[in-house]
Every structure is written in C-alpha cells, then in structure tokens.
Student: 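Once you've had a glance at the structure underneath, I'll fire off some questions.
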Amino acid sequence: MNKAVWLLVALSIASGAAHAQSGLEEILVTGTKVEDTHIPATSLKRQADFLLLQVEISNDSRDYKIRRDEIYATLRAVLAAAERDHAIELSVIREDNIVLPLKLEDTTLNFQNNGVGGTLETTISIKTPIGSGASDGATPIAKLKNFVSSIKPAGRTTLDEGEETQVSVVNIAQYRDPVIQLFANDVRKVTTALGGDYRVVIRGLDQPIQWIRSGTLDVTIFVPYKYDIVPTSISSYSPEYRTSED
C-alpha cells in the first residue's frame, strides 16, 4: 500500500478513536442484519461474552406492601441461588442497553404497578458466560432455564421467562483496532493486486464501531466504512455523486 493510503488509514483511526465507546461497559447486543445495514467484508465475527435470559417477576397480592415484600423476598432467593452457582450472574438492563449488576435498590430495579389490587412487576436478566468451546446455545440456554425453574418464589410471586435469549459483550471498544487492521490488510491486498496505477479513497472509517447479533451466541462487530479504487492519474476525486445504494 502506498504512503497516501496509509496516511488516510492513520487519519481515520485517529479520528475514530474520539468516537470509541468507553471503558469496560457491558453492552447488550440487539438486532439482526436489516436491509439497509452496510456490513463490510472485513467485519469481525466472534462469540459474545454472555448469554442472557430476561425474567419478569410479578406479584398480584391485594396489598401493595405485600406485593413488594414478596417480590423482594424472591429476589433475595434468586441472589442467594446465584451466589451458590458461580456460572450464573444477575443483571438489569438500562434503556441505553448497558448491562448492570442487579442490586436490591430502587435505583436499579424498575417497578411497574398496575394500580390498587393490580400487579407489581419488575424485570431482571439471568446471565451465564459463553465458554470459548461452545458450539451452539443449547447448553447455556438449558443452564439459564434450569436456574429459573429452581427458584421457589415467595407468596404470590411468579417468574416468567422471556421467549428469546439475548447476548452481551464487555468492553466492545477494544475490537475497533482489530477491525481497522482487517480493513488495512484488505486494502493492502487490493492495491497490491492492482499495482501502483490505482489508489484508495476511504469513506466512513472515522465512524464509531457498530455491532449486531449474528447467531445464537455470535456477534458481528464492524466500522461502516466504504472505499473506492480510483486511478492515480485523477488529480481530484469526490464520492458525492455516488448514491446511497453503492
């Protein structure tokens, strides 16, 4: 790859670093590929870190205090069971898809009350690490479901599992550099094959990394870049004429 191409890559990496997601946050990976999602060929597919199962905990006792007390008693039983099983962790998911450890505090638990004589409910997530040798989701899914079924709820409390599992990734920003390296390797291969009469014009490499779920246990991590191969004989080039379908 010529120096001009490497300079474009370096500038894009530096610009993208300002957009990188911060710290060791655990992020819930949602969604699958949709029609207008541009996933470059040099995306990174890997296993997620955790498999999660949402559980709705509800209670329909007539008195609000009884509802609340019985839900908290059930949550304490769930926490105690998780402490005995080191392959299980308990979490709550914020609106921005950040996964947080479950704590018996109103600041982390989101209660919904359906009125006098109604139902009080909250939702938590049961999660388990995805082992490096996991070939499918059958074993961790069974692990999560068996854990939920082992809990004896207090009073009129019920535990209802979600229909679908979810996955999460810890510190997803760490994968930006490997994705960029995959891109640089791809550009090097293309320019080497074409020879010195062509150069690369890069678009979108300064954008934040993105991610989608790509299977029961897998996620695809990528930067939505595009690039054009143009002759070096062209002194100026603008991709603005290209349509969004390119």
Side-chain angles (χ1 to χ4, degrees), residues 25-32 47-114 117-170 172 211-219:
E25 289 180 334
E26 181 181 347
I27 296 178
L28 187 73
V29 178
T30 60
T32 56
Q47 281 190 339
D49 294 316
F50 290 94
L51 185 72
L52 298 87
L53 180 66
Q54 285 199 337
V55 177
E56 182 182 274
I57 303 177
S58 60
N59 188 292
D60 63 355
S61 296
R62 292 180 60 86
D63 183 76
Y64 174 81
K65 185 178 184 303
I66 294 176
R67 286 180 241 164
R68 184 182 176 88
D69 289 347
E70 290 181 349
I71 285 180
Y72 268 101
T74 301
L75 287 170
R76 285 191 290 271
V78 175
L79 284 167
E83 289 180 359
R84 294 190 296 269
D85 188 337
H86 299 299
I88 292 291
E89 298 181 35
L90 307 179
S91 300
V92 293
I93 301 171
R94 293 191 330 204
E95 292 182 358
D96 58 359
N97 288 331
I98 300 297
V99 182
L100 300 174
L102 171 65
K103 297 180 180 180
L104 296 187
E105 302 171 353
D106 289 338
T107 55
T108 56
L109 288 171
N110 182 22
F111 281 102
Q112 295 183 356
N113 186 28
N114 295 329
T119 302
L120 185 67
E121 59 189 37
T122 189
T123 300
I124 66 173
S125 288
I126 315 294
K127 70 179 187 180
T128 189
I130 299 175
S132 58
S135 58
D136 59 58
T139 299
I141 290 173
K143 173 71 175 176
L144 294 172
K145 290 182 175 292
N146 289 338
F147 177 83
V148 175
S149 63
S150 72
I151 302 301
K152 182 178 180 181
R156 294 183 60 84
T157 305
T158 60
L159 281 70
D160 296 312
E161 303 170 7
E163 295 182 358
E164 302 290 339
T165 58
Q166 299 169 303
V167 294
S168 64
V169 176
V170 178
I172 202 163
W211 51 85
I212 62 169
R213 188 173 183 178
S214 51
T216 303
L217 303 178
D218 296 330
V219 298

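In what follows, every heavy atom counts, from backbone to side chain, and hydrogens, waters and symmetry copies are set aside. What you are looking at is a predicted structure, and each value in this text was computed from that prediction instead of being measured.
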Student: For the side chain of T119 and the backbone of D60, is there at least one donor-acceptor N/O pair under 3.5 Å apart?
Tutor: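 No, T119 side chain to D60 backbone: no donor-acceptor pair under 3.5 Å.
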Student: Looking only at atom types and distance, does a side-chain atom of N146 sit under 3.5 Å from a main-chain N or O of A142, one as donor and one as acceptor?
Tutor: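 Judged by distance alone, yes, a pair lies under 3.5 Å.
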Student: Can you tell if the side chain of K127 reaches within under 4.5 Å of the side chain of L102, non-hydrogen atoms only?
Tutor: no
Student: D49 and side-chain contact (heavy atoms from CB on, under 4.5 Å): which partner among I130, V170, I172?
Tutor: V170
Student: Do the side chains of V78 and V148 get nearer than 4.5 Å, heavy atoms only?
Tutor: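 When only atoms from C-beta onward are counted, V78 and V148 do not touch, as no gap falls below 4.5 Å.
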Student: For a 4.5 angstrom cut-off between non-hydrogen side-chain atoms, does I93 reach I98?
Tutor: no
Student: Rounded to the nearest 0.5 Å, what separation is found between the OG1 atom of T165 and the CG atom of L144?
Tutor: 8.0 Å
Student: What I'd like to find out is whether the side chain of I88 reaches to under 4.5 Å of the side chain of K143, using heavy atoms alone.
Tutor: yes
Student: I'd like to know if the side chain of R156 reaches the main chain of N59, judged simply by a donor and an acceptor atom lying under 3.5 Å from each other, with no hydrogens or angles considered.
Tutor: no
Student: Using a 3.5 Å distance criterion without hydrogens, assess whether the side chain of R68 forms a donor-acceptor pair with backbone atoms of I71.
Tutor: no
Student: Give a yes or no answer on whether the side chain of R94 reaches the backbone of V99 with a donor-acceptor pair at less than 3.5 Å.
Tutor: no
Student: Heavy atoms, side chains only, cut-off 4.5 Å: are I141 and T216 in contact?
Tutor: yes
Student: Is it true that the side chains of Q54 and T123 contain a donor and an acceptor less than 3.5 Å apart?
Tutor: no
Student: Between the side chain of T128 and the main-chain N/O of A87, is any donor-acceptor distance below 3.5 Å?
Tutor: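 Pair found, side chain donor or acceptor close to backbone of A87.
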Student: State whether K65 and D63 are salt-bridged, where the test is any N-O pair (Lys NZ or Arg NE/NH1/NH2 against Asp/Glu carboxylate O) under 4.0 Å.
Tutor: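 Looking at D63 together with K65, the answer is no, because their closest N to O distance does not fall below 4.0 Å.
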